[in-house]
Each structure stands twice: as C-alpha cells, then as structure tokens.
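One structure is given here, and the rest of the page talks about it.
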Amino acid sequence: MNTRSDKIKTGPGGAHVRALLYGMGFVKEEIERPLIGIVNSQNEIVPGHRLLDRIAEAAKQGVLLAGGVPVEFPSIGICDGIAMGHEGMKYPLASRELICDSIESMAAAHQFDGLVLIPNCDKIVPGMLMAAARLNIPSIVVSGGPMRTGFLDGKTLDFNSVMEQIGKCKNGDCSAEELERVAEQACPGCGSCSGLFTANSMNCLTEALGMGLPFNGTALCDSGERIRIAKTAGIKIMELVKNDIKPRDILTEKAFENAITVDMAMAGSTNTVLHLPAIAHEAGLKLELTVFDRLSERTPYIAKLSPSGQHHLEDLHRAGGIPAIINELTKKDLINTDCLTVSGATIGENTAKTVVCDNSVILPVDQPYRNRGGLAILRGNLAPDGAVVKESAVAAEMLKHSGPAAVFNSEEEASEAIWSNKIRKGDVIVIRYEGPKGGPGMREMLSPTSSIAGMGMDKDVALLTDGRFSGASRGASIGHISPEAMDGGLIGLIQNGDIIHIDIPGRSLSAELSDEEINKRRSAFTPPEPKVKTGYLARYARLVTSANTGAVLR
C-alpha cells in the first residue's frame with residue numbers, strides 16, 4: 001500500500017528521514033508501515049483530560065493490531081471551568097484555532113498517513129474536528145468520555161450545581177460549609193462534566209457527524225467500554241487509510257444536518273452553534289444560522305438532560321445513547337441515514353439495531369416534550385445577524401418578556417451588580433464588549449447566569465450578551481448577539497432603562513427604539529479602546545469574524 005508518508009521516507013531521497021527514525025529506535029519494518037499520528041490532549045489541569053493517556057495507549061494498541069505505527073504528539077487543552085469568571089476565559093475559544101493550527105502544522109510537516117484525535121472538553125473537540133476537515137487526511141475522533149454524576153443527600157449534582165450554589169451562598173441562602181459539601185461531591189472523578197454542556201454536546205455530535213464511533217459521546221470516562229472504543233478507533237483508522245476515506249467524504253452537508261437535528265432533539269449547548277459552522281468552514285461548506293432555524297422547526301425535543309432537565313450523560317448512555325436517539329429520529333425520516341461514518345458503515349447501519357432502553361430518558365419521537373428543537377435563533381434590531389438561546393432551559397414565564405435594560409460593559413461589572421442585589425425583577429441584563437473581538441475571545445459567562453439562578457431570579461430576569469454562555473447555563477440567557485458591540489452592533493448603543501422585547505417562541509429580540517434615535521446614538525458613538533493590545537489575543541481580535549459565522553479567523 002502506497003501511503004502519504006512514503007513520499008518522505010522511501011527511496012534515496014528519504015534516507016535522511018529514515019536516519020532520524022532509526023535514531024529513535026524505529027526498525028525497518030516499522031518505517032515501511034503507515035505512520036498514524038495519535039493527537040493526545042492529555043494534561044493534569046483538566047478533569048476531562050487527566051486520563052487521556054489511557055485512551056492514547058488503547059488507540060495505539062489498536063493501530064498496532066491493524067498493522068500501523070502509532071506516533072503520539074500533544075495538543076493543548078484549556079479547562080473552561082477553571083478559566084471561568086476571570087481574564088482566563090478570554091482564551092478558551094481562541095485556543096480552538098491554536099489547536100487546529102498546531103495539528104495542521106504537525107500533520108503536514110511530518111506527512112502522517114492518518115490521525116487518531118483524542119480530545120474531551122469544550123474547545124478541544126471542535127478544534128480537532130476543524131483540523132481533520134482542513135487537512136483532509138484519514139482521521140477518527142475518540143474522546144475521553146463523561147465523568148459520573150455527583151450525588152449528595154439523595155440529589156444528583158454536576159459542575160453547574162456548584163456554580164448555582166455560589167449564587168445561593170452570596171445571597172445568604174446557604175453557608176460556606178454547605179457550599180463546600182456540594183463542591184466536594186459534584187465532580188466525583190475524571191471525565192467531561194456530566195451534564196449536556198458544551199464538551200458532551202460536541203462529543204455526542206461527533207458521533208452524529210460520523211467522525212466518532214457509536215457511543216463515543218456517552219461511554220463513561222472510567223469504563224472498560226471507553227477503552228474498547230479507543231482500541232477500535234485505532235483499528236478503524238487503518239481501514240480508513242487503506243480505503244482512502246477522508247473527513248470531507250464524511251463531513252457533508254447532510255452530515256451537518258444530522259448533527260444539528262440530534263442537537264435540537266436533545267437541546268445541546270448553545271456553543272454548538274459556534275462550532276458546527278466553524279467545522280463546516282474548514283470542510284469547505286457554509287453553514288448558515290437559517291439551517292439551525294429550519295431544522296429546529298421540524299425536530300421533536302425528546303431527551304431532556306441537565307441543565308434543561310435532571311438526567312445526565314450516564315443516564316443517556318444506559319438509555320441507548322446517541323444511536324438510540326438517531327434511530328428514534330429515523331422513525332420520522334429526520335436523519336440522512338446514508339451518510340458515511342468512520343466505522344465504514346453508514347449512520348443508518350450503525351444505529352438501526354439500537355433501541356431505547358429507558359423511555360423516561362429518551363421519549364418516543366411521537367410523544368416529545370415539544371414538537372420543535374431545544375435551541376432557538378432570534379433576530380430583530382438587536383440581533384439582525386442572529387442570537388442564540390437554549391429555549392428548553394428557559395422558564396415558561398420568561399419565554400416572552402419585556403423589561404428595562406441594565407447595561408454593563410463587562411462580565412465583572414454585571415456579576416458585581418448581581419451579587420450586590422442591584423438587579424430588580426423584570427430587568428434585562430445587557431453584557432456587551434464580550435464578543436469575539438470585544439472580549440476578545442467571547443468569554444463564556446456561567447457566573448452571572450448561575451448567580452441569577454442560584455438567587456432564584458431565573459424566572460424574573462433575562463441576560464443578553466454579544467459574548468456567550470456556558471453550556472451549563474439555564475434561564476433566559478441569550479448570547480452570540482451579532483453584530484457585536486465592538487463591530488457596531490446596536491447592543492453597543494443600548495442605554496440603561498431602554499425597553500427590551502424578548503419573544504423566544506416568535507424568534508425575535510428587539511429594543512424599543514426609533515430609527516431616528518438609533519441613528520442619533522450611532523452618530524455619537526465611539527468604540528472603546530481594545531481591552532487587549534499585545535500577544536495572541538490582540539492578533540486574534542484583529543482576525544476573528546462574527547459569532548454568526550462561527551467566530552473563525554480570516
């Protein structure tokens with residue numbers, strides 16, 4: 001089998017490469033075989049990545065079993081939870097591009113024949129998928145898996161439980177000791193945080209896209225099943241190399257429609273609306289927000305996981321996982337079953353025999369929680385290019401709401417006002433200059449949303465931002481407002497007391513301002529100085545595009 005790496009390691013012209021490989025201990029038989037890059041984002045600061053060495057070792061065993069030569073190299077990975085609530089949160093979204101660029105650099109410079117990509121958490125999963133699409137060499141994703149659900153006093157816990165408990169503590173509704181008890185029990189081990197937050201949403205959608213094997217999104221981090229999936233991924237990458245099946249053969253327009261449909265059926269993180277367009281962009285496709293609108297309108301909402309509901313990833317796994325959701329959706333012809341996957345079979349073949357084992361976790365498709373999807377795209381004079389909300393996590397009382405704006409130019413200002421009890425019932429909190437350019441880096445703001453929920457105001461107060469909210473956020477938290485304030489969006493012109501109208505079922509978001517008043521304010525508007533003027537973030541701010549296009553770099 002002639003391979004990509006043969007171009008650099010065979011014949012007289014490849015003697016210098018062979019010399020370097022010999023120097024590392026390679027034998028002739030290894031040099032003659034396909035070289036498979038094992039991209040490992042393991043580190044000792046991210047719970048979802050702490051145990052990825054186990055995944056990498058299993059994947060390497062699979063490659064060896066199938067006759068290839070695994071070659072491991074690293075990728076960075078940031079923990080959004082640890083970066084949350086301070087300047088560090090400017091970096092996670094921006095790191096997505098670094099991850100993609102670094103994998104491209106390593107794979108192209110060393111001419112790997114294929115890649116096994118090992119991510120687990122928020123930006124690492126899309127960053128690796130973007131690299132696979134850009135490089136377009138045989139690739140497969142095997143994630144680290146979700147952590148187990150926490151328990152305390154007979155109640156389930158997850159990372160968001162801690163964030164909301166902080167709000168209760170600041171409001172005087174719980175003691176520091178009670179808060180610490182929750183913190184000790186919420187994350188009982190390693191893995192991606194147990195709710196359907198961004199990491200698990202993207203790991204599940206990797207399956208739906210066809211780039212991960214069945215149960216890649218839900219098999220628990222510390223399970224033997226997770227190791228078996230990793231070994232199988234190592235075997236399958238060799239089949240992909242042999243058959244020359246590349247990511248763009250899998251990442252088709254229909255595959256993205258499948259992923260969005262599954263996303264809507266289980267109300268994944270709003271951040272999927274950033275990441276799927278970015279992955280599509282690298283695959284040479286344009287994924288408009290109108291596609292999310294269209295597919296949401298027709299997709300029943302059949303799985304209600306935290307933060308929208310009480311179930312967690314291990315419950316979804318026991319109920320049949322993503323294959324069961326997909327098989328349920330095929331009963332209404334909502335899935336393009338002929339899409340190819342990294343297993344070598346189609347998505348329909350992979351899921352046809354998977355049945356729902358627990359209808360309290362995955363509802364029948366003809367008996368859904370409701371007849372349209374869990375995410376909503378809003379438009380109006382405040383968001384002419386779109387905004388995103390997890391409709392399934394919004395209290396019924398807040399689906400339609402009008403109230404006065406309470407305007408803040410940073411997350412810190414907003415959080416301080418919330419903790420100081422300066423927010424009144426009915427207010428619409430507006431947090432601006434936190435978009436891709438203005439942040440820069442489009443910070444994920446779980447602190448203000450969880451504080452509002454923890455203080456019991458999630459049925460009374462809405463939050464709007466040109467930044468983004470955590471996949472763990474709940475309530476009327478509307479993010480990704482485009483264009484952002486730094487780009488001249490109306491959100492930059494809003495003043496305290498302006499009336500904001502929110503109609504999530506009607507898909508609208510607007511400020512009660514006349515065109516004359518808007519033009520008057522715009523003529524007097526001067527954008528603020530950039531918050532960051534040096535280093536990577538300054539370059540990122542100059543190059544990044546709007547949230548509605550996936551916040552990709554020009």
Side-chain angles (χ1 to χ4, degrees), residues 43-52 77-86 88-89 92-93 119-125 143-153 155-170 174 178-204 217-218 220-222 266-272 304-317 390 393 411 415 443-455 458 468-475 477 479:
N43 61 46
E44 296 184 351
I45 191 63
V46 186
H49 290 232
R50 182 66 178 83
L51 300 182
L52 291 187
I78 293 175
C79 179
D80 282 46
I82 294 174
M84 192 79 64
H86 57 88
M89 186 40 87
L93 182 60
N120 209 25
C121 290
D122 292 29
K123 311 309 170 297
I124 301 90
V125 182
S143 302
M147 70 171 62
R148 296 185 183 276
T149 309
F151 288 93
L152 181 65
D153 299 333
K155 296 180 180 179
T156 59
L157 299 174
D158 55 38
F159 176 74
N160 197 35
S161 306
V162 184
M163 298 300 293
E164 293 191 4
Q165 197 77 6
I166 293 171
K168 291 181 181 179
C169 195
K170 288 182 178 290
C174 86
E178 288 171 320
L179 173 60
E180 199 62 23
R181 287 184 72 217
V182 173
E184 288 174 351
Q185 300 300 321
C187 300
C190 289
S192 49
C193 295
S194 58
L196 192 62
F197 313 144
T198 305
N200 288 325
S201 295
M202 288 307 304
N203 283 325
C204 289
T218 58
L220 287 170
C221 171
D222 58 2
M266 62 181 188
S269 166
T270 52
N271 288 308
T272 60
K304 199 171 190 178
L305 282 73
S306 175
S308 301
Q310 295 303 309
H311 295 123
H312 290 81
L313 265 289
E314 62 188 89
D315 302 312
L316 178 60
H317 187 65
K390 184 179 280 195
E411 176 188 359
S415 292
R443 285 198 285 179
E444 186 174 273
M445 289 178 277
L446 182 56
S447 293
T449 60
S450 57
S451 295
I452 287 291
M455 296 166 76
D458 56 308
R468 58 197 178 89
F469 292 116
S470 166
S473 294
R474 61 185 176 94
S477 304

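- Contact check for Ile45 versus Cys79: no side-chain heavy atoms found under the 4.5 Å cut-off.
- For Arg181 (side chain) and Leu152 (main-chain N/O), no donor-acceptor pair under 3.5 Å exists by modelled atom type.
- The side-chain heavy atoms of Ser306 and Ser194, taken from C-beta on, include no pair separated by under 4.5 Å.
- Judged purely by distance below 3.5 Å, without hydrogens or angles, the side chains of Thr198 and Ser269 pair a donor atom with an acceptor atom.
- In this structure the side chain of Asp80 reaches within 4.5 angstrom of the side chain of Lys123, judged on heavy atoms.
- When all heavy atoms of Pro448 and Ser415 are compared, the pair lying nearest together is CD-OG, 3.8 Å.
- Between Thr272 and Ser201, the shortest heavy-atom contact is CG2-CB, 3.9 Å.
- Here the closest non-hydrogen pair linking Met89 and Arg468 is SD-NH2, 4.1 Å.
- At a threshold of 4.5 Å between non-hydrogen side-chain atoms, the residues Cys193 and Asp158 do not count as touching.
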Test side-chain contact (heavy atoms from CB on, under 4.5 Å) applied to Phe469 and Asn271, step by step = CA-CA 8 Å; Phe469 292 116; Asn271 288 308; over 6 Å; no

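- No side-chain donor from either of Ser143 and Asn120 sits under 3.5 Å from a side-chain acceptor of the other.
- In this structure, the separation between CG on Leu446 and OG on Ser451 is 8.5 Å, given to the nearest 0.5 Å.
- Minimum interatomic distance between Gln165 and Cys174 (heavy atoms only, all atoms of both residues): NE2-SG, 3.5 Å.
- Under the 4.5 Å side-chain criterion, counting only non-hydrogen atoms from C-beta, Asp122 is not in contact with Phe197.
- For Asp458, the salt bridge (charged side-chain N to carboxylate O under 4.0 Å, His left out) test picks out Arg474, with sequence neighbours left out.
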message = Apply side-chain contact (heavy atoms from CB on, under 4.5 Å) to residues Thr156 and His312 and explain how you reach the verdict.
response = CA-CA 9 Å; Thr156 59; His312 290 81; 3.6 Å; yes

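- For Glu184, the CD atom sits in a packed shell: over 12 heavy atoms of surrounding residues, nucleotides or ligands are nearer than 6.0 Å.
- Side-chain N or O atoms of Asp315 include none that pairs as donor or acceptor with a backbone N or O of His311 at under 3.5 Å.
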ask   = Stepwise, does the side-chain contact (heavy atoms from CB on, under 4.5 Å) test hold for Ile78 with Val46?
value = CA-CA 7 Å; Ile78 293 175; Val46 186; 5.9 Å; no

task = Would you check, one step at a time, whether the test side-chain contact (heavy atoms from CB on, under 4.5 Å) holds for Arg148 with Leu313?
result = CA-CA 8 Å; Arg148 296 185 183 276; Leu313 265 289; over 6 Å; no

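- Checked against side chain to side chain donor-acceptor pair (under 3.5 Å), Glu178 has the following partners two or more places apart in sequence or in another chain: Ser175.
- Looking at Pro307 and Lys390, their side chains come closer than 4.5 Å, going by heavy atoms from C-beta outward.
- Interatomic distance, Phe159 CZ to Ser192 OG, rounded to the nearest 0.5 Å: 13.0 Å.
- Expressed to the nearest 0.5 Å, how far CD1 of Ile166 lies from OG of Ser161 amounts to 11.0 Å.
- In this structure, CD on Glu164 lies 11.0 Å from CD1 on Ile452, to the nearest 0.5 angstrom.
- Annotation for Met147 and Gly191: closest pair CE-O, 3.2 Å, computed over non-hydrogen atoms.
- Between the side chain of Asn160 and the main chain of Met163, no donor-acceptor pair closer than 3.5 Å is present.
- Using a distance-only test at 3.5 Å, with no hydrogens or angles considered, no donor-acceptor pair links the side chain of Ser308 to the main chain of Lys304.
- A donor atom on one side chain and an acceptor atom on the other are found under 3.5 Å apart for Glu314 and Thr149.
- Residue Ser447 holds its OG atom at 9.0 Å from NE2 of His86, rounded to the nearest 0.5 Å.
- Minimum interatomic distance between Ala183 and Val162 (heavy atoms only, all atoms of both residues): CA-CG2, 4.0 Å.
- If you take CE on Met455 and NZ on Lys170, they are separated by 9.5 Å, rounding to the nearest 0.5 Å.
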